[in-house]
Protein chains: 2
Amino acid sequence: MSESPATARTQAKANRRTVLLDSAAALFAQRGFNGVSIEDLGSAAGVSGPAVYRHFSGKQALLGALLVGVSEDLLAGGRAALAAGHDDAATLRALVAFHVDFALSKPDVIRVQDRDFDSLSTEDRRQVRILQRAYVELWVEVLGRLYPDRGADMRRLQAHAVFGLINSTPHSVALHGRRPGASGARPVLEAMAWNGLAGS
Amino acid sequence: MSESPATARTQAKANRRTVLLDSAAALFAQRGFNGVSIEDLGSAAGVSGPAVYRHFSGKQALLGALLVGVSEDLLAGGRAALAAGHDDAATLRALVAFHVDFALSKPDVIRVQDRDFDSLSTEDRRQVRILQRAYVELWVEVLGRLYPDRGADMRRLQAHAVFGLINSTPHSVALHGRRPGASGARPVLEAMAWNGLAGS
DNA sequence: GAACTCAGTTAATAACCATTAACTTAGCAT
DNA sequence: ATGCTAAGTTAATGGTTATTAACTGAGTTC
């Protein structure tokens, strides 16, 4: 889209920005948005304090960039699963596999997203809501093709429930410091999601 | 246990205390522990500001009372389900039914418990952890009798996943202001939990 | 290489907020 | 009735913190 000057300074700036976002995700996941100071955010990224304002207009804007990014990634991944052109059952399995991978590989942002959503600015909250809704509707649509007898409200409730199921590992990790059996968790969560959605 | 003076003043104090706890649950659920001031907590209960210190030694202690209470209630309910003397399958259904009822009737405390756990004092955190672990072990034990081929780690992971599934409604409510079809959510969540745990 | 840009720094500034102090008053016991 | 207890009030107090100001210096451009 826009031209990249590709000079050393812009590179350094881009790097600093992603380091800021990554360390912010870890800090927010651990202590919550209001439990982290701008000083904390800066020093976790190797700079101190107000330097953060060179990259984001404020603390809330940093959270916004983080959560909008996550929501976009989730939606893009979900769309890719649908675009792969499988039959409906395989598409659902692809959605489940994608979401499980996402939750296991980025537990921090998962936790921040449903913990600090309310700390977003009005505008960021609106945008995240739109992206999240679109992601949910992907699931609702596939479920509707697979189970035409279920109403849209029920399918939406089920989609949320499956997200809760899959996103539970970040929570149990955060609560108990318990490492889930590394990769061992993946097949268990996938099977539980399929069976939970299949109905009796 | 201890004698109840039963005078008007102690009654009023007990009432004020429960009002404080209830409104604190609502406020914490909405804005998070660090997003609520002592002034907010007091005025939500009809008194203003430092009066809270007549009932709790501080903000953190109030959170502690709230979460220890929830954890005790959960454990008591789980023990009741086991003590009912059903066979293992019926006991599991009783556990699921109890947890679904709890999550649907007290979404606020559910949300606070897995959002603001880290804001507890060291001692309260220890106590809540012990109670939570005991509750999880009830599930792990029943699952072990029903599915002896599954290891304890897998059963624990599955218990946590089912909690995430059932606790998802507080989250979706908080995120979207979406009222789940009142009582309509209960059977759907119960069926998903059973099927998720049943394995293929 | 001279002018400029801009990411960084450290020092204000201004709220906000948990907790404590000092005081008031309604209820309880003798 | 009278003194005491304790729940409540409004004013400090002290610390934390988001944000802005003023300044510095390395990298970029011409």
Side-chain angles (χ1 to χ4, degrees), chain A residues 2-24 27-28 30-66 116 118-124, chain B residues 2-24 27-28 30-66 116 118-124:
Chain A
S2 53
E3 272 310 301
S4 323
T7 161
R9 203 155 58 170
T10 41
Q11 270 302 328
K13 176 154 187 173
N15 291 343
R16 182 64 37 97
R17 186 191 152 94
T18 64
V19 171
L20 270 169
L21 284 171
D22 288 350
S23 44
L27 286 173
F28 288 157
Q30 201 172 23
R31 311 212 290 265
F33 178 75
N34 284 308
V36 178
S37 73
I38 284 253
E39 177 63 35
D40 294 336
L41 291 169
S43 75
V47 302
S48 257
V52 176
Y53 288 87
R54 296 295 168 189
H55 300 271
F56 300 95
S57 67
K59 199 181 157 191
Q60 219 180 19
L62 206 171
L63 180 69
L66 192 62
D116 292 315
D118 318 286
S119 297
L120 287 170
S121 73
T122 312
E123 176 52 26
D124 286 340
Chain B
S2 54
E3 271 312 299
S4 323
T7 158
R9 201 152 61 168
T10 41
Q11 270 301 329
K13 177 154 187 174
N15 291 343
R16 182 62 40 96
R17 186 189 152 95
T18 66
V19 171
L20 270 169
L21 283 171
D22 288 351
S23 44
L27 287 172
F28 288 156
Q30 200 171 25
R31 311 211 291 266
F33 179 75
N34 283 310
V36 177
S37 73
I38 283 256
E39 178 63 35
D40 293 336
L41 291 169
S43 74
V47 301
S48 255
V52 176
Y53 288 87
R54 297 293 169 188
H55 301 269
F56 300 95
S57 68
K59 199 180 155 190
Q60 218 180 21
L62 205 171
L63 180 70
L66 193 62
D116 292 315
D118 318 288
S119 298
L120 286 170
S121 73
T122 312
E123 177 51 27
D124 286 339

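Keep in mind that this is a model prediction, so the values were computed, not measured. All chains are named by letter (A, B, ...) in the order of the sequence lines, taking the proteins before the strands, and each is independently numbered beginning at 1.
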Donor-acceptor under 3.5 Å (Gln60(A) side chain, Ser119(A) main chain):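 Present.
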Mind listing the residues from residues 35-49 of chain A sitting with a heavy atom below 4.0 Å of DNA chain D? Number order is fine. Val36(A), Ser37(A), Ile38(A)
Which residues, if any, of residues 51-58 of chain B bring a heavy atom under 4.0 Å of DNA chain C?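 DNA chain C contact set from residues 51-58 of chain B: Tyr53(B), Gly58(B).
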Outermost DNA chain D nucleotides near chain B [under 4.0 Å, heavy atoms]: dT5(D) to dA11(D)
Would you please name every residue forming a side-chain contact (heavy atoms from CB on, under 4.5 Å) with Thr18(A), sequence neighbours left out?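 With sequence neighbours excluded, Thr18(A) shows a side-chain contact (heavy atoms from CB on, under 4.5 Å) to no residue whatsoever.
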For a quick test of your reading: what N or O donor-acceptor pairs under 3.5 Å do the side chains of residues 44-59 of chain B make, sequence neighbours left out?
| unit_1 | atom_1 | unit_2 | atom_2 | d |
| --- | --- | --- | --- | --- |
| Ser48(B) | OG | Glu39(B) | OE2 | 3.3 |
| Lys59(B) | NZ | Phe33(B) | O | 3.1 |
| Lys59(B) | NZ | Val36(B) | O | 2.8 |

Taking all non-hydrogen atoms of both residues, which atom of [X] and which atom of [Y] are closest, and how far apart?
| X | Y | answer |
| --- | --- | --- |
| Gly64(A) | Leu120(A) | CA-CD2, 3.6 Å |
| Asp116(A) | Phe28(A) | OD2-O, 3.9 Å |
| Leu21(B) | Leu62(B) | CD2-CD2, 3.7 Å |

Would you tabulate the nitrogen or oxygen pairs shorter than 3.5 Å linking the protein to nucleotides 27-30 of chain C?
| unit_1 | atom_1 | unit_2 | atom_2 | d |
| --- | --- | --- | --- | --- |
| dC28(C) | OP1 | Thr7(B) | OG1 | 2.3 |
| dC28(C) | OP1 | Ala8(B) | N | 2.9 |
| dC28(C) | OP1 | Arg9(B) | N | 2.8 |
| dC28(C) | O5' | Thr7(B) | OG1 | 3.2 |

So how far is it from Asp22(B) CG to Leu27(B) CG, rounded to the nearest 0.5 Å? 11.0 Å
Asn34(A) CG to Asp118(A) CG distance, which is reported to the nearest 0.5 Å: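 So the CG of Asn34(A) and the CG of Asp118(A) are separated by 10.5 Å.
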Please identify each residue that fulfils salt bridge (Lys or Arg N to Asp or Glu O under 4.0 Å) with Asp40(A), with sequence neighbours left out. Arg31(A)
Using five pairs at each end of the helix from dG1(C)-dC30(D) to dT30(C)-dA1(D) to define an axis, what is the angle between those two axes, to 10°?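 End axes: 20° apart.
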By side-chain hydrogen bond (donor to acceptor under 3.5 Å, both in side chains) - contacts of Asp124(B) (at least two apart):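 Counting only residues at least two positions away or on another chain, Asp124(B) forms a side-chain hydrogen bond (donor to acceptor under 3.5 Å, both in side chains) with Ser121(B).
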